[in-house]
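Below is one structure, written out as structure tokens; the observations come after it.
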Amino acid sequence: MRIVLLSLCLLLALPAGAGAQALGGEHEGHDEPSAPSKDAPRGEHEGHGLHGTGHGGRMAGQVPEVRSLRDIPLMRRGSGTAWQPDLIPSSMLHWDVSGWNLMFQGVLFGGYDVQGGPRGESALAGIGWLMLMVDRELPSGQLVASVMMSPEPFTAGANGGYPLLLQTGEAYRDEPLHDRQHPHDLFMELALSYTHYFTDTWGLLLYAAPAGEPALGPVAFPHRVSAWYDPLATLGHHWQDATHISFGVLTAGLVTPVAKLEASWFNGREPDEHRYDLDLRTPDSYAVRLSANPTARVSTQVSYGYLKSPEVLEPDVPVHRLTASATYHAPFGERGFWATTAVFGRNVEGEHPGTNSFLLESSLDLDGHHVVFGRAEYVEKPGHDLVLPEELEEGVFDVGALMLGYVYHFGPLGPVRPGVGVRGALNVVPEGLESFYGGRTPVGGMVFVRLAPAGRHP
Ligand SMILES: [Cu+2]
């Protein structure tokens with residue numbers, strides 16, 4: 001199975017490499033910024049549907065090279081303080097209100113989720129997030145406040161979450177959740193951050209969040225461009241980026257225009273099944289992350305976290321987590337966009353041997369209307385996570401999934417870009433689990449509608 005997954009990963013990666021070559025003749029991040037868009041109507045983006053949202057609300061058709069901290073586009077923040085490439089497709093609404101820069105982003109999915117086999121179920125599910133960000137330029141720094149909320153407690157919360165074969169993580173009614181993805185909490189982020197510029201080239205980042213994301217992992221999957229069009233979660237979520245909703249986070253970091261070193265002190269306990277409140281506790285966990293954005297198209301990170309007591313059902317078992325990731329973004333044709341992310345995540349739980357996860361995903365917006373996306377995953381899941389019978393609880397099972405999907409976007413209709421889509425996944429389970437899943441390759445899928453703020457295309 002490893003070989004099959006590896007070769008599929010290669011197949012997915014090949015076109016990305018070819019795309020990189022085809023676009024290699026272009027200037028990368030060295031383009032002159034177009035004229036500042038102060039005269040342009042608010043909420044509109046110039047250029048080719050791409051933007052760099054710089055300070056002071058500057059919008060440019062191309063992303064200028066970041067030479068000073070002041071040039072770092074706000075949207076380099078993909079989630080929490082995690083960086084994504086500066087070059088991103090425009091998909092947000094934007095206002096200037098007396099020196100405050102307001103941004104609204106998000107994505108909502110609604111549809112029918114069908115998961116096959118004895119452990120699969122079907123359900124209507126509403127999935128997504130909405131976020132308001134406010135930023136203000138100060139003489140020697142930048143202030144950013146963000147509020148992010150999810151409808152999932154209301155729309156995907158029945159029986160502990162929406163059906164998703166092989167998914168694990170968090171608990172519901174004193175049982176670990178399995179073959180379901182827990183809903184995200186109503187308050188996904190309530191955060192305030194300040195970056196102080198000591199010089200043009202180095203500064204100090206401070207981030208405080210009653211609900212937010214510590215410096216651990218890549219940009220969380222709901223916020224990655226490479227996963228934007230897929231409503232459902234990654235199977236490696238709890239090996240890679242599950243701390244994106246932590247209730248109590250303090251982060252400090254040193255920032256340069258191309259790199260950042262951060263450390264977080266945070267509450268490492270997973271959110272509980274009551275999704276409407278803030279599960280505040282004294283911080284007990286820490287994380288460190290080194291991020292680098294060498295060009296406007298590339299973002300990479302490595303991070304380590306110590307989670308003292310993440311699981312409410314096993315409060316004495318700490319988890320050491322190690323992650324590494326790389327994301328590549330590129331324009332595609334006149335109006336398209338290509339985003340690819342690779343992630344490695346490893347957990348060491350208490351005295352148990354470590355378990356690994358690998359992910360490769362890509363989304364390709366061909367022309368502003370047709371989007372194809374896919375993901376290959378391999379995760380080593382402990383038997384107790386999958387809630388297997390006692391004799392299998394201590395085992396570790398290699399599971400995988402191969403997902404492909406398609407979205408057609410209409411419009412845009414005013415500020416909204418509606419779409420309809422479908423995604424299907426072929427899951428792979430090892431021999432010992434056949435009887436639980438009704439075979440080696442149980443399948444799952446979803447048909448859905450998708451709503452997101454419209455990016456402006458020329
Ligand atoms: Cu999550």
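Both counts, for ligands and for their atoms, begin at 1 and track the order of listing. What you see below is based on every heavy atom in this structure, not just the backbone, and it leaves out hydrogens, waters and symmetry mates.
Not counting sequence neighbours, F247 has no partner by the ring-ring contact (aromatic ring centres under 6.0 Å, His included) test.
Sorted by first and then second residue, the pairs that involve residues 269-304 and meet ring-ring contact (aromatic ring centres under 6.0 Å, His included), not counting sequence neighbours, are F154-Y276, Y286-Y306. Among residues at least two apart or in separate chains, ring-ring contact (aromatic ring centres under 6.0 Å, His included) pairs with a member in residues 110-134 are W129-H223.
No side-chain heavy atom of L232 sits less than 4.5 Å from a side-chain heavy atom of Q181. Counting heavy atoms from C-beta outward, D86 and V66 have side chains that approach closer than 4.5 Å.
Residue-and-atom listing of protein N/O/S atoms under 2.8 Å from the Cu ion (ligand 1), sorted by chain and number: H184 NE2, H237 NE2, H244 NE2.
Ring centroids of Y406 and Y408 are separated by 6.0 Å or more, keeping the two rings apart.
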